Amino acid sequence: MTPEQLSQTIRDTLAELVRSGDLTLPAVPERVKVERPKVKEHGDYATNVALQLAKQAGLPPRELAQRLADRLADADGVKAAEVAGPGFLNVRVEAAAQGELAREIVRAGTAYGTSRSLSGERVNLEFVSANPTGPLTLASTRWAAVGDAQARVLAAAGADVTREYYFNDHGAQIDRFSRSLLARSRGEDVPEDGYPGAYIEEIAQQVVGARPDVKGLPDDDAQEVFRAEGVGLMFDEIKRSLHDFGVDFDVYFSERDLHDSGEVDEAVERLRGGGLTYESEGALWLRSTEYDDDRDRVLVRRDGRPTYICADAAYYLDKRGRGFDRVVILLGADHHGYINRYRALAAAFGDDPDRNLEMIIGQMVNLLREGRPVRMSKRAGDVLTMEDLVEAIGIDAARYALTRYSMDSTIEIDLDLWAKQANDNPVFYVQYAHARLASILRNAADLGVAPAGDEFDPGLLSHEREGDLLRALGEYPRVVQQAADLREPHRIARYLEDTAATFHKFYDECRVLPRGDEEPTPLHAARLLLVEATRVVVANGLGLLGVHAPERM
RNA sequence: GCGCCCGUAGCUCAGCUGGAUAGAGCGUCGGACUUCUAAUCCGAGGGUCGCAGGUUCGAGUCCUGCCGGGCGCGCCA
């Protein structure tokens with residue numbers, strides 16, 4: 001019996017009480033929340049429906065809970081139901097009803113935990129979107145890990161997700177980048193506003209290697225060569241880093257294309273007609289204060305040139321035009337000031353900013369080494385990059401460490417901890433659980449013991465640790481659902497850590513395989529099925545985070 | 001000054017969108033391997049949930065005001 005099934009049973013029971021006249025309610029609630037109590041004595045599951053419906057029913061909560069408990073106790077799969085505290089209803093489930101879940105999970109395999117709740121939703125998820133003027137920074141690495149996990153989680157909930165990367169390969173930043181390359185190729189210092197990093201030197205060398213003629217060109221032409229070649233090289237490197245990190249985008253979208261295609265101009269025209277703009281001091285403004293912005297924003301400068309906001313507007317329209325109902329954008333905390341003007345843009349186009357647009361802000365990342373912050377010196381251009389992080393702790397640890405925390409938290413990654421191949425490293429703790437599970441299944445195969453099949457007796461899984469584990473596995477679909485609804489993939493990681501712990505405790509107390517000369521029993525087969533189910537869940541969960549589920553360690 | 005995020009055990013962080021006695025890992029101390037991976041498990045200790053009010057049967061969670069930290073506030077992108 002899963003929490004969903006129990007929830008349904010409780011609803012049915014409420015409906016029965018109403019029908020039989022034992023209870024008066026304006027309506028039986030759509031959803032009944034069933035939660036896992038923290039304290040063992042409170043049963044396998046608990047619900048607070050009685051507390052919530054007491055007022056409507058005109059009954060004291062405990063009285064309502066009691067009527068519900070009396071009827072619920074007879075329901076299929078329910079072993080006991082009792083009233084507790086101010087009106088909680090604590091439920092114990094039949095072992096047989098609960099054990100059945102192991103078979104369901106194994107049968108569902110990789111589909112276990114997925115749902116259709118977002119089916120039909122076309123989601124455009126934009127993240128990273130770093131301009132190709134340097135290697136991916138630590139912050140970009142966080143969005144890469146979280147964004148990809150986000151995409152996987154949304155897809156698991158049935159959404160049709162496109163991963164998109166927006167970049168700008170022309171304009172002021174790129175000019176500074178190409179001027180820096182040019183300067184370094186001549187052994188000169190980079191300009192005051194240039195990019196000082198050591199990678200500039202390397203790229204400059206590569207460009208010169210590929211285009212030896214660049215030396216003889218006049219400044220303007222040479223700079224253009226450095227721009228075209230340099231951006232290409234830099235972007236290739238970024239894409240390769242992302243790919244190695246396990247993150248591949250469906251679309252790389254160029255801002256330049258928006259200008260070239262005339263979409264920016266079209267967007268401006270549509271904004272003019274959208275009712276959220278006005279002209280002042282010779283410029284066209286967006287009334288973004290309508291959406292809690294600090295001030296209105298200029299769309300078209302006095303000289304007639306559009307600001308970058310127009311490109312954003314055009315880009316938004318482009319996405320909507322490609323059929324995406326939801327435009328989701330992951331941004332760093334340094335861009336939070338962006339939200340309100342973007343919402344105003346969506347509204348100016350007649351969209352509902354609460355439904356069509358979603359901007360997710362994530363906080364920054366700091367590194368710790370030997371207990372001290374690893375500082376990056378901006379002046380020297382020594383930024384901490386994705387590759388630095390991967391080199392220090394590996395891809396799995398990096399992805400896991402970056403997705404394990406709420407996006408709202410500024411995080412500190414202790415490199416010494418995450419590099420350790422030891423149990424204080426959460427990613428190893430979870431991966432070890434998977435390796436252990438896989439190992440049991442391998443040994444079982446060697447012994448010729450198979451997981452229970454048609455003859456499976458779910459009632460055999462009645463040990464307390466088996467119940468704990470089954471209930472943990474039963475939580476998984478709800479965790480995925482919640483992670484998808486709240487856009488919080490870190491919940492998957494936390495769940496995996498809890499579930500790994502629950503499994504390790506089970507392993508400690510419940511022998512799975514026959515020892516020595518022991519004959520295999522139905523209990524061995526049943527436990528083996530539970531092991532297989534657990535492996536499925538851990539593997540599925542790690543998969544949502546883009547972290548490997550190793551067969552051995 | 002204004003806006004967004006954070007403040008929970010010595011440290012790093014969860015807390016199921018208002019529920020029961022606030023959790024986990026690490027660190028500290030003490031235990032458990034002749035047999036499925038001890039990269040594990042068991043036990044102990046550790047808290048004015050930043051502060052002060054408010055909302056209600058009930059607040060770490062919601063509201064208001066302070067305090068502290070991070071990040072932003074261009075006709076730059």
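Heavy-atom basis, side chains included; hydrogens, waters and symmetry copies ignored. Chain letters run A, B, ... following the sequence lines, proteins first, then strands; residues in each count from 1. Remember, predicted model here, so these are calculated numbers, not experimental data.
At the heavy-atom level, R527(A) lies nowhere under 4.0 Å from the strands shown. Among the protein residues, T410(A) comes within range of the sugar-phosphate backbone only, with heavy atoms under 4.0 Å from sugar or phosphate atoms but none that close to a base. Backbone-only contact: I411(A) has heavy atoms under 4.0 Å from sugar-phosphate atoms and none from a base. Nucleic acid contact for R295(A): sugar-phosphate only, since backbone atoms but no base atoms lie under 4.0 Å from a heavy atom of the residue. Base contact: A46(A) has a heavy atom under 4.0 Å from a base atom.
Salt bridge status for E63(A) with R67(A): present, with a side-chain N to carboxylate O gap under 4.0 Å. Of the charged side-chain nitrogens involved, none lies within less than 4.0 Å of a carboxylate oxygen, so that K505(A) and D508(A) do not count as a salt-bridged pair. With respect to D354(A) and R343(A), a salt bridge is recorded, a charged nitrogen being found less than 4.0 Å from a carboxylate O. Note on D414(A) versus K420(A): no salt bridge recorded, every NZ/NE/NH1/NH2 to OD/OE distance being 4.0 Å or above. A salt bridge links R272(A) with E279(A): the closest approach of a Lys/Arg side-chain nitrogen to an acidic carboxylate oxygen falls below 4.0 angstrom.
Using modelled atom types, one finds a donor on one side chain and an acceptor on the other under 3.5 Å when comparing H170(A) with N168(A).
D396(A) contributes a side-chain N or O that, together with a main-chain N or O of H548(A), makes up a donor-acceptor pair within less than 3.5 Å.
The separation of A9(B) from C4(B), taken at their C1' atoms, amounts to 29 Å, rounded to a whole angstrom. Nucleotides A52(B) and A14(B) have their C1' atoms positioned 27 Å apart, rounded to a whole Å. For C62(B) and C75(B), the P atoms lie 35 Å apart once the distance is rounded to whole Å. Rounded to whole Å, the P atom of A44(B) lies 13 Å from the corresponding atom of G25(B). When the C1' atom is compared between A24(B) and G46(B), the two are found 14 Å apart, to the nearest whole Å. Rounded to a whole angstrom, the distance from the P atom of C67(B) to that of C29(B) is 42 Å.
When the C1' atom of C57(B) is taken as reference, atom CG of N48(A) falls 13 Å away, rounded to whole Å. Note: CG (N131(A)) to P (C76(B)) measures 17 Å, nearest angstrom. The CE atom of M553(A) sits 14 Å away from the C1' atom of A38(B) (whole-angstrom rounding).
Nucleotide C71(B) is matched to G3(B) when pairs are restricted to Watson-Crick or G-U wobble geometry with both distances under 3.5 angstrom. Summarising the base pairing, U21(B) is matched to no nucleotide, lacking a Watson-Crick or G-U wobble pair whose two defining distances lie under 3.5 Å. Base pairing of G46(B): no nucleotide in any strand meets the Watson-Crick or G-U wobble criterion (both distances under 3.5 Å). Across every strand in view, U61(B) sits unpaired, with no contact that passes the Watson-Crick or G-U test at under 3.5 angstrom. In this entry U35(B) has no Watson-Crick or G-U wobble partner, no candidate having both defining distances under 3.5 Å.
Applying the 5.5 angstrom centroid cut-off and the 30 degree plane-angle cut-off, the aromatic ring of F88(A) is stacked upon the base of A20(B). Once the 5.5 Å centre distance and the 30° plane angle are applied, the aromatic ring of Y507(A) is found stacked with the base of C36(B). Judged by ring centres under 5.5 Å apart and planes tilted less than 30 degrees, H42(A) stacks against the six-membered base ring of A20(B).
Taking side-chain N and O atoms only, K38(A) has no distance below 4.0 Å to OP1 or OP2 of U21(B). The side chain of R62(A) contributes no N or O atom lying less than 4.0 Å from OP1 or OP2 of C57(B).
The side chain of E35(A) has G19(B) as its nearest neighbour among G19(B), C36(B), G15(B). Each of C41(B), A39(B), U12(B) was ranked by its minimum atom distance to the side chain of K505(A); first place goes to C41(B). Distances were taken from every side-chain heavy atom of E255(A) (C-beta onward) to each of A77(B), U12(B), U37(B); the shortest belongs to A77(B). Checked against G72(B), C6(B), U12(B), the side chain of D408(A) finds its nearest nucleotide in C6(B). The side chain of K33(A) lies closest to G19(B) when the candidates are G3(B), C76(B), G19(B). Nearest to the side chain of L513(A), among U35(B), A77(B), C36(B), sits C36(B). In this structure, of G19(B), U37(B), G72(B), it is U37(B) that holds the atom nearest to the side chain of S439(A). Comparing G19(B), C42(B), U12(B) by their closest approach to the side chain of P86(A) singles out G19(B). Taking every side-chain heavy atom of V512(A) into account, C36(B) is the closest of U40(B), C75(B), C36(B). Listed nucleotides C36(B), C13(B), C5(B) differ in distance to R511(A); the shortest reach to its side chain belongs to C36(B).
Y308(A) contributes a side-chain N or O that forms a donor-acceptor pair with the base of A77(B) under 3.5 Å.
Both W285(A) and R442(A) lie close to RNA chain B; mapped to their nearest nucleotides by heavy-atom distance, the more 5′-ward contact belongs to R442(A). Where R494(A) and R436(A) meet RNA chain B, the nucleotide closest to each residue was compared, and R494(A) sits on the side nearer the 5' end.
A glycosidic torsion no more than 90° from 0 defines the syn conformation, and U17(B) adopts it.
Between H463(A) and F506(A), the gap from one ring centroid to the other reaches at least 6.0 Å.
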